[in-house]
Amino acid sequence: MKVVLPDSSELELPDGASGLDAARAIGPKLARDSVLARVNGHVQDLRLPLSGGERIELVTIRDKDDPDALYVLRHSTAHLLAEAVLRLHPGTKIAIGPPIADGFYYDFEFPEPISEEDLSAIEAEMRREIEEGRTWSREEVPREDALERFRAESQPYKVELASEAEPPISLYTQGDFTDLCRGPHLQDTSPIKALRLTGLAGAYWRGDERNTQLTRIYGTAFYSQADLDAHLQRLEQARAKDHRRLGPQLDLFHFDEHSPGAALWHPKGVALFNALEDLRRRENAKRGYLEVRTPLMWDIELWKRSGHWEKYHDALFLIPHGEHTFGLKPMNCPGHMLLFASKLRSYRELPIRYAESASLHRDEPTGTLHGLLRVRQMHQDDSHVFCTEEQIQDEIDGMFEFVGFLYDRLGVRELAHAELSTRPESKLGTDEQWDYTEGVLGTALERQGIPYRVKEGDGAFYGPKIDLFMDDAMGRPWQMGTIQLDGQQPARLGCKYTGADNREHMPWVIHRALFGSLERFIGILVEHYAGDFPFWLAPVQARVLPVGEGHRGPADSLRYRLAAAGYRADVDDRDETLGKRIRDAELEKIPFVLVYGDRESDDALAVRERGGGQSTRSLSELLDSFDALAAEAGSA
RNA sequence: GCCGGAGUAGCUCAGCUGGUAGAGCAAGCGCCUUGUAAGCGCUAGGCCGUGGGUUCGAGUCCCGCCUCCGGCUCCA
């Protein structure tokens with residue numbers, strides 16, 4: 001048979017030859033260095049037979065940045081981990097051990113609990129295995145053989161997996177350790193040049209909290225020590241962008257243990273917050289949104305009527321009050337429904353777009369709080385659009401235009417990806433309604449070309465939704481904006497309008513938040529810019545530094561004239577050297593520093609830009625450039 | 001909520017096997033009178049997260065709780 005190589009040449013091989021045989025036919029070095037075969041674009045274990053006509057590519061240890069090459073390396077390292085764990089902790093039950101984005105993990109049920117201190121011994125054992133050398137062999141067996149084997153070894157999780165796996169069932173063995181595994185795997189341990197166990201965590205079997213909690217060990221591996229070092233350095237750099245570190249450091253906000261999950265916003269943080277709020281308010285107004293305010297606290301009877309109580313009452317902060325119980329609102333929708341329903345509406349009024357950014361409270365589980373990214377008190381740029389069925393598509397399209405506008409202004413478009421969630425098991429409404437609404441959202445996403453995946457059954461109980469996500473500095477995804485269609489809640493809360501046919505109709509409601517939680521959005525912005533905000537967002541846009549004591553008066557006057565022109569400016573007149581104050585301004589990432597001494601006047605200001613560029617400009621020139629910078633960011 | 005880890009001065013951290021708590025930066029005061037990324041000196045500052053226990057004696061050992069960190073689950 002013949003197979004096709006990447007350079008389009010053909011290679012003649014005996015029938016049934018494997019990827020490894022192909023490598024051998026080309027050269028001994030290639031055979032030694034190959035880690036997997038890519039056959040017609042799909043990864044395949046080197047040991048598996050090829051078929052005539054296939055396009056094959058051999059991935060080697062030199063392809064050290066190839067994701068597939070890293071996957072196979074880490075997958076094999078995970079097997080070494082399991083071998084080491086079984087040797088050091090006999091009686092451990094092994095579950096699954098896949099490669100993941102930056103490494104691998106393996107889930108175990110240990111006979112005795114282990115702690116992080118045990119990891120170094122396990123890691124040393126893995127190193128010993130590599131030093132000794134291990135070769136992987138692959139075999140395919142009937143299901144019954146696999147079941148028997150894992151029963152004999154008292155490995156219940158493997159028995160469960162083997163009983164569900166698609167035949168042929170493949171087993172990989174290195175040393176005296178055999179694992180049920182689809183592969184592919186390395187030929188032997190020699191390419192594993194650097195490894196590290198990075199962490200320990202609880203993880204539920206099959207991701208279901210009703211199941212046993214297993215112990216997950218995380219690790220990573222590379223083809224060279226330098227690559228591991230570079231990886232660890234990248235992590236260090238990402239940690240330096242952590243908003244939980246930068247926030248207090250830049251004097252934006254902090255948290256106090258007496259109100260977990262609720263930020264204390266400092267003046268500079270509020271400046272940032274308000275810059276976003278101003279943008280939101282201005283752009284909402286341009287698009288016909290009407291700002292409203294509804295109560296913070298409601299009798300829980302309202303949540304029972306809206307349908308939220310049944311599913312979400314655990315997350316409500318409750319306040320007993322006489323015969324009644326009130327709850328802090330976790331969302332604005334019922335209030336907006338009541339506002340709409342407060343009088344008879346005509347189809348001529350639609351669409352009505354209510355917007356509100358009130359404080360919302362949700363009693364999130366303790367273990368889930370995470371700086372500004374997961375809080376208990378937050379503010380959404382929330383809105384509810386009441387419209388007819390014919391208006392839905394236009395409204396949705398308008399929202400996506402709005403999202404694109406905001407992302408471009410804030411420079412975060414490339415961070416965004418989306419999910420479309422369809423009908424859940426427990427839901428309100430008929431299948432026909434769900435067919436329609438899911439279709440509308442899917443169409444809108446495709447028109448916008450936003451990358452997305454479908455999550456079957458993950459919709460809200462009242463309608464399908466689109467969730468917009470962004471990744472933090474560590475690469476963890478967070479849900480930001482959301483757009484949800486709702487044909488149920490308006491009915492429950494008595495929303496209706498009179499149509500052109502003079503009959504009563506139910507409006508559709510589109511729930512939407514584009515930033516999502518302002519808190520979370522600011523957290524992402526801080527990490528994205530590492531605190532180096534664009535001029536229009538910077539909490540302090542300009543700082544005036546009087547050279548000597550005698551320059552305090554003119555420096556103050558300059559600062560107030562900048563403020564009068566609408567810019568956030570302050571003065572640093574501490575008794576410190578100029579060099580020290582410039583250094584501090586740089587560390588605070590202030591875009592403009594104005595040194596003011598004997599040589600300066602309104603006609604000649606000494607301007608230093610963030611990072612060090614210096615120039616001399618008149619005050620009016622400076623204000624012109626401020627105006628230009630602000631306008632560029634959509635702030636005008 | 002679950003698993004593992006951590007909590008010492010405003011911040012970053014040191015404090016070995018139990019014996020009366022330390023540094024740098026920041027702060028206050030003084031000197032210097034400053035020209036584009038750290039001037040010098042002095043001073044002050046700590047229910048060692050919190051409640052209990054063991055001990056002659058606990059920052060240090062044990063238990064509960066709180067908060068935070070890494071994950072898991074959840075997230076209208």
Side-chain angles (χ1 to χ4, degrees), chain A residues 105 107 110 113-119 198-218 239 242 244-245 248-249 254-261 303 306-316 329-334 360 362-371 374-376 378 380 382 421 424 458-463 465 467 474 476 478-479 482 484 486 489 511 513 517 520 545-551 574-587 593-600 606-614:
Chain A
Y105 67 80
D107 286 346
F110 285 92
I114 69 159
S115 74
E116 274 174 15
E117 289 161 22
D118 299 301
L119 292 185
T198 53
L200 195 61
Y204 302 103
W205 169 238
R206 309 212 131 166
D208 188 331
E209 69 176 332
R210 288 167 301 193
N211 292 338
T212 321
Q213 188 166 46
L214 306 170
T215 302
R216 176 170 297 178
I217 297 178
Y218 285 93
R239 261 190 284 276
D242 192 323
R244 292 166 301 182
R245 183 196 294 229
Q249 207 169 300
H254 80 277
F255 286 89
D256 184 273
E257 64 175 309
H258 295 97
S259 189
W303 311 108
S306 72
H308 291 95
W309 178 260
E310 197 188 340
K311 207 166 166 186
Y312 297 107
H313 65 273
D314 280 348
L316 284 177
K329 68 176 168 187
M331 51 174 16
N332 295 304
C333 22
L360 304 177
R362 297 176 184 182
D363 190 2
E364 304 286 3
T366 49
T368 64
L369 298 179
H370 188 103
R374 183 81 179 260
V375 291
R376 290 198 175 132
M378 60 163 176
Q380 280 187 334
D382 202 5
S421 297
D458 218 41
F461 64 92
Y462 50 67
K465 60 173 180 172
D467 289 321
M474 296 296 292
R476 295 171 287 218
W478 297 90
Q479 191 214 302
T482 182
Q484 310 185 9
D486 184 357
Q489 215 181 313
H511 306 244
S517 145
R520 180 173 287 179
L545 303 183
V547 171
E549 232 169 295
H551 307 112
R574 287 177 304 160
D575 185 18
E576 297 284 355
T577 58
L578 189 62
K580 167 71 168 162
R581 286 178 288 158
I582 284 171
R583 175 181 153 81
D584 287 345
E586 287 286 352
L587 291 177
V593 169
L594 308 171
V595 173
Y596 205 101
D598 288 336
R599 303 177 207 155
E600 281 70 36
V607 180
R608 180 193 167 101
E609 291 182 53
R610 183 164 41 186
Q614 289 177 47

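What's counted below: heavy atoms across the whole structure, side chains too, no hydrogens, waters or symmetry copies.
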Under 4.0 Å, counting only non-hydrogen atoms across every strand here, what does A/R216 touch: a base, just sugar-phosphate, or nothing? sugar-phosphate

Sugar-phosphate only, base, or nothing, as touched by A/Y218 at under 4.0 Å among non-hydrogen atoms: sugar-phosphate

Euclidean distance, atom CZ of residue A/R581 to atom C1' of B/G39 [Å, nearest integer]: 13 Å

Starting at CD1 of A/I114 and ending at C1' of B/C3, how long is that distance when rounded to a whole Å? 11 Å

Whole angstrom value for the distance that separates C1' of B/C66 from CZ of A/R376: 12 Å

Polar side-chain atom of A/R520 near backbone of A/Q479 as donor-acceptor pair, under 3.5 Å: yes

So does A/G307 get a backbone contact from the side chain of A/E310, meaning a donor-acceptor N/O pair under 3.5 Å? no

Less than 4.0 angstrom between a side-chain N/O of A/R244 and OP1 or OP2 of B/G70, yes or no? yes

Thinking salt bridges, do A/E586 and A/R608 make one under a 4.0 Å N-O criterion? yes

Presence of donor-acceptor pair under 3.5 Å, side chain of A/E600 and base of B/G35: yes

Picking from B/U34, B/A26, B/U36, which would you name as closest to the side chain of A/T577? B/U34

Any idea which of B/C68, B/C3, B/G1 is nearest the A/L369 side chain? B/C68

When all nucleic acid strands are considered with a 4.0 Å heavy-atom cut-off, which category describes A/H370: base, sugar-phosphate, or nothing? sugar-phosphate

With heavy atoms under 4.0 Å as the rule, sort A/R206 into base, sugar-phosphate or nothing. nothing

Does B/C3 have OP1 or OP2 under 4.0 Å away from a side-chain N or O of A/T215? no

Scan A/G579 against the nucleic acid and name what it touches under 4.0 Å (heavy atoms): base, sugar-phosphate only, or nothing. sugar-phosphate

Describe the nucleic acid contact of A/Q614 in one word from base, sugar-phosphate, nothing, applying a heavy-atom distance below 4.0 Å. base

N/O (side chain, A/R476) to phosphate O (OP1/OP2, B/G70) under 4.0 Å: yes

Between B/U36 atom P and A/E586 atom CD, what is the distance in whole Å? 14 Å

Nearest whole Å is fine: how far is B/G39 P from A/K580 NZ? 7 Å

In this structure, how many angstroms lie between the P atom of B/C72 and the CD1 atom of A/I217, rounded? 15 Å

Could you tell me whether A/Q489 contacts a base, only the sugar-phosphate backbone, or nothing, with contacts defined as non-hydrogen atoms closer than 4.0 Å? nothing

Look only at the side chain of A/R376 and the backbone of A/E364, and say whether a donor-acceptor pair between them is shorter than 3.5 Å. yes

What's touching nucleotides 73-76 of chain B from the protein side, N or O pairs under 3.5 Å?
residue: B/U73; atom: O2'; partner: A/E209; partner atom: OE2; Å: 3.3
residue: B/C74; atom: O2; partner: A/R374; partner atom: NH2; Å: 2.8
residue: B/C74; atom: N3; partner: A/R374; partner atom: NH1; Å: 3.0
residue: B/C75; atom: O2; partner: A/R374; partner atom: NE; Å: 3.3
residue: B/C75; atom: O2; partner: A/R374; partner atom: NH1; Å: 3.1
residue: B/C75; atom: O2; partner: A/R374; partner atom: NH2; Å: 3.3
residue: B/A76; atom: O4'; partner: A/Y312; partner atom: OH; Å: 3.2
residue: B/A76; atom: O3'; partner: A/Q484; partner atom: NE2; Å: 3.1
residue: B/A76; atom: O2'; partner: A/Y462; partner atom: OH; Å: 2.9

What's the closest nucleotide to the side chain of A/R608 if the choices are B/A37, B/A27, B/U34? B/A37

Protein-nucleotides 28-32 of chain B N/O pairs closer than 3.5 Å?
residue: B/C32; atom: N4; partner: A/D575; partner atom: OD2; Å: 2.7

Would you indicate what A/R239 reaches in the nucleic acid, counting non-hydrogen atoms under 4.0 angstrom: base, sugar-phosphate, or nothing? nothing

Is a salt bridge present between A/R244 and A/D242, judged by a nitrogen-to-oxygen distance below 4.0 Å? yes

Could you check how far CG of A/L214 sits from P of B/G71, rounded to whole Å? 18 Å

Within this structure, what is the CG-to-P distance between A/N211 and B/C3, rounded to whole angstrom? 16 Å

Touch check for A/A203, heavy atoms < 4.0 angstrom, all strands: base, sugar-phosphate only, or nothing? sugar-phosphate

Complementary nucleotide of B/G64, counting Watson-Crick and G-U pairs under 3.5 Å: B/U50

Using a heavy-atom cut-off of under 4.0 Å over every strand shown, decide if A/D256 touches base, sugar-phosphate, or nothing. nothing

